[in-house]
Protein chains: 2
Amino acid sequence: MTNPAPRLRPDFRRFLVRAGLRPTRQRAALAEMLFKGDRHVTAEELHMEATASGSRISLATVYNTLHHFRQAGLVRELAIEGQRTYFDTNTSNHNHFYFEDRHDVVDIPDNEIGLSNLPRAPEGYEIAHIDVVIRLVPKRQTTTKI
Amino acid sequence: MTNPAPRLRPDFRRFLVRAGLRPTRQRAALAEMLFKGDRHVTAEELHMEATASGSRISLATVYNTLHHFRQAGLVRELAIEGQRTYFDTNTSNHNHFYFEDRHDVVDIPDNEIGLSNLPRAPEGYEIAHIDVVIRLVPKRQTTTKI
DNA sequence: CTGTGTGCAAACTCTTTGCATAAGT
DNA sequence: ACTTATGCAAAGAGTTTGCACACAG
């Protein structure tokens, strides 16, 4: 609670500044959590994680920050499951597994899925992104009865 | 109370019965709207459409019915955009265009997209479905300024 | 008749917003 | 100092649920 030295990691400050965002303590904390690797989080998850690790950040700020990050091109928004919105820190072209039982999103490792015979974009439109989601369910046992 | 002849289209009654659903007036009306072709609707859209065409159905019943239809395998649920849930009357394997400006989903015509180099499902899981969504944005004019 | 479906309104979840306060430059 | 971000609580969208009444078998 004292917090004598705000300990903003200078690297994340610069990271934010270069992205055109004012480097506040909250943003630096979230950036630090997010950009240590490829992650897929909901706002709520990130908020809980921040709280757990001692950062005092409101949920509204987590939402605001994620949207700022999205506008700055630092994260991508994934629509994978009804209500929940996932944010993906890997903004490059890649695909996802979605574990329907665990509500978990993971990148498909290395394996570049090839897409062939793609349609042309309709008149007046261009392709912004192609999302491929492989939805997974627990494998049925061979001993299934019914 | 009046309602002398309920005018349930017999074909949709049978359709529902075969799907294991009790053929109520509301369900028949919704089935008739839905299954005349391949459609992508939200509950709200379907409710408005039903209301507009004179059927008195509550939004809650539309939701209930869509979920019953899904459980019966008559429609598929699409997670394409944050909040809104789309229901697709085409339950076969096919892919979608999503017009981000108009919030509109359409089947990709004929064109079977080929997927190659697919990863194996992780241990203990099997692939339930592969969703491919091509997200479209209006084409930038060549005269774009900024 | 018996049981399931429907309608309504209230509850719920996730997300956004308005405004006073706090923090960054 | 000036501007922008934050926190809170309230509002908002979309969806679900509980319960009394209505309808199908």
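Just so it is clear, the structure is predicted and the values come from calculations on it, not from any experiment.
One atom, CZ of A/R25, and another, C1' of D/dG7, lie 14 Å apart when rounded to the nearest Å. Atom pair A/H68:NE2 and C/dT15:C1' shows a separation of 15 Å (rounding to whole Å applied). Distance, A/E44 CD to C/dC12 C1': 13 Å, rounded to whole Å. Look at CG on A/L21: it is 15 Å from C1' on D/dT6, rounded to the nearest Å. Spacing between atom CZ of A/R14 and atom C1' of C/dG24 amounts to 18 Å, rounded to whole angstrom units.
The phosphate of D/dC23 has neither OP1 nor OP2 within less than 4.0 Å of any side-chain N or O from B/R27. Taking only side-chain nitrogens and oxygens, B/T42 never comes nearer than 4.0 Å to OP1 or OP2 of D/dG14. Taking only side-chain nitrogens and oxygens, A/Q26 never comes nearer than 4.0 Å to OP1 or OP2 of C/dA22.
Looking at residues two or more places apart in sequence or on another chain, you find a salt bridge (charged side-chain N to carboxylate O under 4.0 Å, His left out) between A/R102 and A/D104. Taking A/R76 as the reference, A/H129, A/D131 meet the side-chain hydrogen bond (donor to acceptor under 3.5 Å, both in side chains) condition, with sequence neighbours excluded. A search for side chain to side chain contact (heavy atoms under 4.5 Å, CB included) contacts involving B/S55 returns B/A29, B/A50, B/S53, B/I57, not counting sequence neighbours. Under the rule for a ring pair (Phe, Tyr, Trp, His ring centres under 6.0 Å), the partners of A/H67 that lie at least two apart in sequence or sit in another chain are A/F87. Residues satisfying the ring pair (Phe, Tyr, Trp, His ring centres under 6.0 Å) criterion with B/F99, sequence neighbours excluded, are A/Y125. Not a single ring pair (Phe, Tyr, Trp, His ring centres under 6.0 Å) links B/F97 to another residue, sequence neighbours left out. Every residue two or more places apart in sequence or in another chain that forms a ring pair (Phe, Tyr, Trp, His ring centres under 6.0 Å) with A/H40 is listed here: A/H96. Scanning for side-chain hydrogen bond (donor to acceptor under 3.5 Å, both in side chains) contacts around B/T61 gives B/S58, with sequence neighbours left out.
Taking a cutoff of 4.0 Å between a charged side-chain nitrogen and a carboxylate oxygen, A/E126 and B/R140 qualify as a salt bridge.
Taking five base pairs at each end of the helix from C/dC1-D/dG25 to C/dT25-D/dA1 and finding the rotation axis that steps the C1' atoms of four pairs onto the next four gives two axes whose angle is 30°, to the nearest 10°.
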Sequence neighbours excluded and cut-off under 3.5 Å, please list the side-chain donor-acceptor pairs for residues 79-86 of chain B, or say none.
unit_1 : atom_1 : unit_2 : atom_2 : d
B/E81  : OE2    : B/Y98  : OH     : 3.4
B/E81  : OE2    : B/H103 : ND1    : 2.7
B/Y86  : OH     : B/H103 : O      : 2.8

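A donor-acceptor contact under 3.5 angstrom links the side-chain atoms of A/R22 to the base of D/dT3.
Near-neighbour residues of DNA chain C inside residues 46-67 of chain A, defined by a heavy atom below 4.0 Å, number-ordered: A/L59, A/A60, A/Y63, A/N64, A/H67. Only A/Q83, A/R84, A/T85, listed by number, bring a heavy atom of residues 77-89 of chain A to less than 4.0 angstrom from any atom of DNA chain C.
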For a side chain to side chain contact (heavy atoms under 4.5 Å, CB included) check, start with the C-alpha distance between A/F69 and A/L16, then their side-chain angles and the critical distance, and finish with the verdict. CA-CA 9 Å; A/F69 285 1; A/L16 291 169; 3.7 Å; yes

